[in-house]
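For reference, the structure discussed in these notes is given below.
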Amino acid sequence: MQFQSLPGFREFYPDACARRNHIFGQWKQVARAFNFQEYDAPVLEPLELYIEKSGEEIVGQLFNFEDRGGRSVALRPEMTPSLARLIGAKANSLKRPIKWFNIGEHYRYEKPQKGRLRAFYQFNVDIFGEAGPGADAELIALLVQALRAFGLDSKDFKVRLSDRDLWLLMLAAEGLDEAGSATVLGIIDKLERTDRVKAVEKLAEVLGDEADAFLSRVEKVIAIRDFDTLSAYILNLPLEGDLAEQAKKRLDDWSALLRGINSSGAGDFIQIDLGIVRGLAYYTGFVFEAFEASGEGRALAGGGRYDALVKKLGGPEMPAVGFAMGDVTLEDLLESKKLLTTYIENPDFIAIIGGAEARDAAMGDAALLRSMGYRLDYPLKDQGFGKQFKDANQKGARFALIYGTDEIEKGVVKIRDFSTGAEQEFPRQDLAEIAPELMISGLSVTEG
RNA sequence: GUGGCUAUAGCUCAGUUGGUUAGAGCACCGGCUUGUGGUGCCGGGGGUCGCGGGUUCGAAUCCCGUUAGCCACCCCA
């Protein structure tokens, strides 16, 4: 019986696993540099958790089933609901701001295609307990650094920055209520991949004859790329009283956010783009998505404010901002930019073994060097010297430890530095002392 | 969920108008004295041609179905 892995699930042979670990390593290092703490949560959760957050429609895209206890469960499609629960349960005892991250596998029952599989890893980074734009700036700076860490620069990717609060103000100026705004935001979110005629048709359901003119105004807003233009546009809106105040205050938030981003050196990576709305209803303020600079491909990462979610999932009032980055799109991009190389590590030593007695000696020394943390290998069965040297070379060993009958008689080991070809004999009992020096200076030809 | 394209060795691919035992390169394993290097030379294993059916004297090749992969749509937390 031949088996294959399930559709959309990957197998990681060592070279792929090494690439994956490199990605995880960079993510983790950046998160640590920003002093975020790592947490983890269950892979399997109550189905209700996701329905509560995203609505009944979500079930069609989940790996869900009934467990033996009759519970409806689902493999996690995202981390945020679990995280919101963790935070909510201990909200009052956690020191704020709460800066947490996780790297974990997630599962979505969708048709696999470019940049999207059924099992994928996500880097989730969130800040709770700080409502001001300082938290948004910190998070965006981290996002930018997490991508730069792989060698990507501002010609390779951009973070498109938008704001749902500003949209709500603009839609209020258009006379739309909350429900109408939600519908219209959904349409704006899809504008980039909808043709204009259809977009007008959809808008007409809410706005009637105004739809076409309205869309023209929206298109103008979406084309704005600098803060001054945006600011002027907002201040010119027909807003009165409280709404006018909110608009001014929101522009101050924008100034603070952009200033923070610029100060942390991420300015070159930011692109104001109100075309980003993000479909999810739970986003409440700044939203952003990282894209390949060409605009091709799927989003590399996405996130934003979700100040109401923790409460909705049963916790207290808790401002929150976060983003998630997937490994699939990132790896595709790094691959296309040739920024992924071979990450298999080479052994420090390979023992060349000349017989049963030599094997005893080699294994004893190997145990010592391995306990010191050196990477050491030796052939598991007896082989000719020629073959052993060839193998040692192919495995990329730095030194050969040669155990032949001569060496065993003399109580020495002959060490060969493969990079120089130099060889030198050392008393075996000195090995622990010699090894650290070898790693630093190697062996030079004159000594041999 | 819908549609298009594809499927031959671990990988990249040949395989003529349907005609003997399906090939190459790379990779892998072994050998070229148990004392020396990514080359070299010799040898070897590995495929019921994705799977199932059909047409035919005869199918990797033609037809139907199915599964998987890729791509696009839907969706994208």
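The structure displayed is predicted, hence computed values, not measured ones.
At a threshold of 4.0 angstrom between heavy atoms, the contacts of A:I353 with the nucleic acid are absent. Residue A:P7 is classed as a sugar-phosphate contact, given heavy-atom separations below 4.0 Å to backbone atoms only. Within 4.0 Å (heavy atoms only), A:Q61 reaches at least one base atom of the nucleic acid. Residue-level contact check: A:G396 touches neither bases nor backbone, having no heavy atom under 4.0 Å from any strand. Using a 4.0 Å heavy-atom distance criterion, A:G304 is classed as making no nucleic acid contact. Heavy atoms of A:K395 sit nowhere under 4.0 angstrom from any nucleic acid atom. Using a 4.0 Å heavy-atom distance criterion, A:R76 is classed as making no nucleic acid contact. Residue-level contact check: A:I352 touches neither bases nor backbone, having no heavy atom under 4.0 Å from any strand. As judged by a 4.0 angstrom heavy-atom cut-off over every strand, A:G384 is placed among residues touching the sugar-phosphate backbone only. Contact annotation for A:Y50: no contact, since no heavy-atom pair falls under 4.0 Å across all strands.
Here A:D163 pairs with A:R250 in a salt bridge; the nearest charged N to carboxylate O distance falls below 4.0 Å. Contact check on A:R19 versus A:E331 returns a salt bridge, with a Lys/Arg side-chain nitrogen under 4.0 Å from an Asp/Glu carboxylate oxygen. Salt bridge status for A:D273 with A:K158: absent, with no side-chain N to carboxylate O gap under 4.0 Å. Ion pairing between A:R160 and A:E289 fails under the 4.0 Å rule for side-chain N and carboxylate O.
Rounding to the nearest 0.5 Å gives a distance of 3.5 Å between CE of A:M363 and OH of A:Y378.
Considering only the side chain of A:E423, B:U36 comes nearest among B:G1, B:G35, B:U36. Closest approach to the A:K111 side chain among B:G3, B:G35, B:G38 is made by B:G3 (side chain taken as heavy atoms from C-beta onward). Taking only side-chain atoms of A:Q394, from C-beta outward, the nucleotide of B:C75, B:C74, B:G38 with the closest atom is B:G38. When distances are taken from the side chain of A:F389 to each of B:U36, B:C70, B:U39, the shortest belongs to B:U36. Among the nucleotides B:U36, B:G38, B:G30, the one closest to any side-chain atom of A:K381 is B:G30. Closest to the side chain of A:K190, out of B:C76, B:U36, B:G37, is B:C76.
In this entry B:U20 has no Watson-Crick or G-U wobble partner, no candidate having both defining distances under 3.5 Å. In this structure B:G43 sits in a base pair with B:C29, meeting the Watson-Crick or G-U test at under 3.5 Å. The partner of B:G38 is absent, by the rule that a Watson-Crick or G-U pair needs both atom distances under 3.5 Å. Here B:C5 sits opposite B:G69 as a Watson-Crick or G-U wobble pair (both hydrogen-bonding atom distances under 3.5 Å).
One atom, CD of A:Q388, and another, P of B:G30, lie 12 Å apart when rounded to the nearest Å. Look at CZ on A:R298: it is 11 Å from C1' on B:A72, rounded to the nearest Å. Residue A:R10 contributes atom CZ, which lies 18 Å from atom P of B:A68 at whole-angstrom precision.
Nucleotides B:U61 and B:U20 have their P atoms positioned 14 Å apart, rounded to a whole Å. Nucleotides B:G37 and B:G52 are separated by 49 Å at their P atoms, to the nearest Å. Comparing the same atom, P, in B:A14 and in B:U8 gives a spacing of 10 Å after rounding to whole Å. For the P atoms, the distance from B:C5 to B:A9 is 23 Å, rounded to whole Å. One P atom belongs to B:U2, the other to B:G65, and the distance between them is 15 Å to the nearest Å. Between B:A27 and B:G45, the distance separating the two C1' atoms is 13 Å to the nearest Å. When the P atom is used for both B:U39 and B:G30, the distance is 15 Å, rounded to whole Å. Across B:U17 and B:C62, the matching C1' atoms stand 12 Å from one another, rounded to whole Å.
Using modelled atom types, no side-chain atom of A:W100 and backbone atom of A:F128 make a donor-acceptor pair closer than 3.5 Å.
Under the 30°/60° scheme for interplanar angles, the aromatic rings of A:F123 and A:F323 are found to stand perpendicular.
A donor-acceptor contact under 3.5 Å is not formed by the side chain of A:R108 with the base of B:C76. You'll find a donor-acceptor pair under 3.5 Å spanning the side chain of A:R116 and the base of B:C75, going by distance alone. One donor-acceptor pair, N or O on each side, does fall under 3.5 Å between the base of B:G40 and the side chain of A:K390. A:E407 contributes a side-chain N or O that forms a donor-acceptor pair with the base of B:G35 under 3.5 Å.
Annotation: of the two residues near RNA chain B, A:G115 and A:G302, the 5′-most nearest-nucleotide partner is A:G115.
Every residue two or more places apart in sequence or in another chain was checked for a salt bridge (Lys or Arg N to Asp or Glu O under 4.0 Å) with A:R20, and none qualifies.
Within the structure, every side-chain polar atom (N or O) of A:Q383 is placed at least 4.0 Å from both OP1 and OP2 of B:G31. Residue A:K387 places at least one side-chain N or O under 4.0 Å from the OP1 or OP2 atom of B:G30.
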